[in-house]
Trainee: 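Once you've had a glance at the structure underneath, I'll fire off some questions.
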Amino acid sequence: MNQTGSGTMPWNADYFPPSMRHLSEPARHKAIEIANALLAEGMDEGRAIRIAIAKAREWAQHHGLPARDDE
């Protein structure tokens with residue numbers, strides 16, 4: 001996958017990890033934002049994805065938004 005430190009964000013609304021597919025659109029955008037920030041800090045990709053999904057779910061619930069696209 002892309003190397004961090006290249007100045008480019010590896011994920012966006014059109015290209016994101018398959019594990020984020022089940023998230024609602026707002027939660028997925030937040031997860032992408034969080035994961036990219038964690039990668040920029042040098043975190044391992046797999047760990048960044050897991051943390052980003054968990055935090056995006058919390059964020060969605062806190063804002064009264066669905067966390068999954070089937071909610």
Trainee: Taking the side chain as every heavy atom from C-beta outward, state whether Leu65 and Ser24 have any atom pair closer than 4.5 Å.
Mentor: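 Counting from C-beta outward, Leu65 and Ser24 never come under 4.5 Å.
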Trainee: How close do Leu39 and Ala48 get, counting heavy atoms only, and between which atoms?
Mentor: CD2-CB, 4.1 Å
Trainee: For the CZ atom of Arg50 and the NZ atom of Lys55, what is their distance to the nearest 0.5 Å?
Mentor: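 Those atoms lie 14.5 Å apart.
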Trainee: Kindly determine whether His22 and Arg28 satisfy side-chain contact (heavy atoms from CB on, under 4.5 Å), including the steps that lead there.
Mentor: CA-CA 8 Å; His22 65 282; Arg28 184 169 50 248; over 6 Å; no
Trainee: Check whether Phe16 forms a cation-pi arrangement with Arg21 (NZ or CZ under 6.0 Å from the six-membered ring centre, at most 45° off the ring normal).
Mentor: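 That pair does not qualify as a cation-pi contact.
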Trainee: Using a strict cut-off of less than 4.0 Å between a Lys/Arg side-chain nitrogen and an Asp/Glu carboxylate oxygen, indicate whether Glu33 and Lys30 qualify as a salt bridge.
Mentor: yes
Trainee: Indicate the atoms forming the closest heavy-atom contact of Ala31 with Ala52, along with that distance.
Mentor: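 Taking Ala31 first and Ala52 second, the nearest heavy atoms are O-CB, 3.3 Å.
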Trainee: Taking all heavy atoms of Ala35 and all of Met20, pick out the closest pair and write down the distance.
Mentor: CB-CE, 3.9 Å
Trainee: Can a donor-acceptor pair be found, under 3.5 Å and without considering hydrogens, that links the side chain of Arg47 to the backbone of Met43?
Mentor: no
Trainee: Determine whether Trp59 and Ile53 fall in the same hydrophobic cluster, where Ile, Leu, Val, Met, Phe, Trp and Tyr are linked whenever their side-chain heavy atoms lie under 4.5 Å apart.
Mentor: no
Trainee: Measure across Ala60 and Ala27 and return the closest heavy-atom pair with its distance rounded to 0.1 Å.
Mentor: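 It is CB-CB, 4.2 Å.
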Trainee: Any side-chain heavy atom of His29 within less than 4.5 Å of one from Leu23?
Mentor: no
Trainee: Please name the pair of heavy atoms, one in Trp11 and one in Asn36, separated by the smallest distance, quoted to 0.1 Å.
Mentor: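 For Trp11 versus Asn36, the nearest heavy atoms are O-ND2, 2.9 Å.
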Trainee: Can you find a heavy atom in the side chain of Leu38 that is under 4.5 Å from one in the side chain of Glu45?
Mentor: no
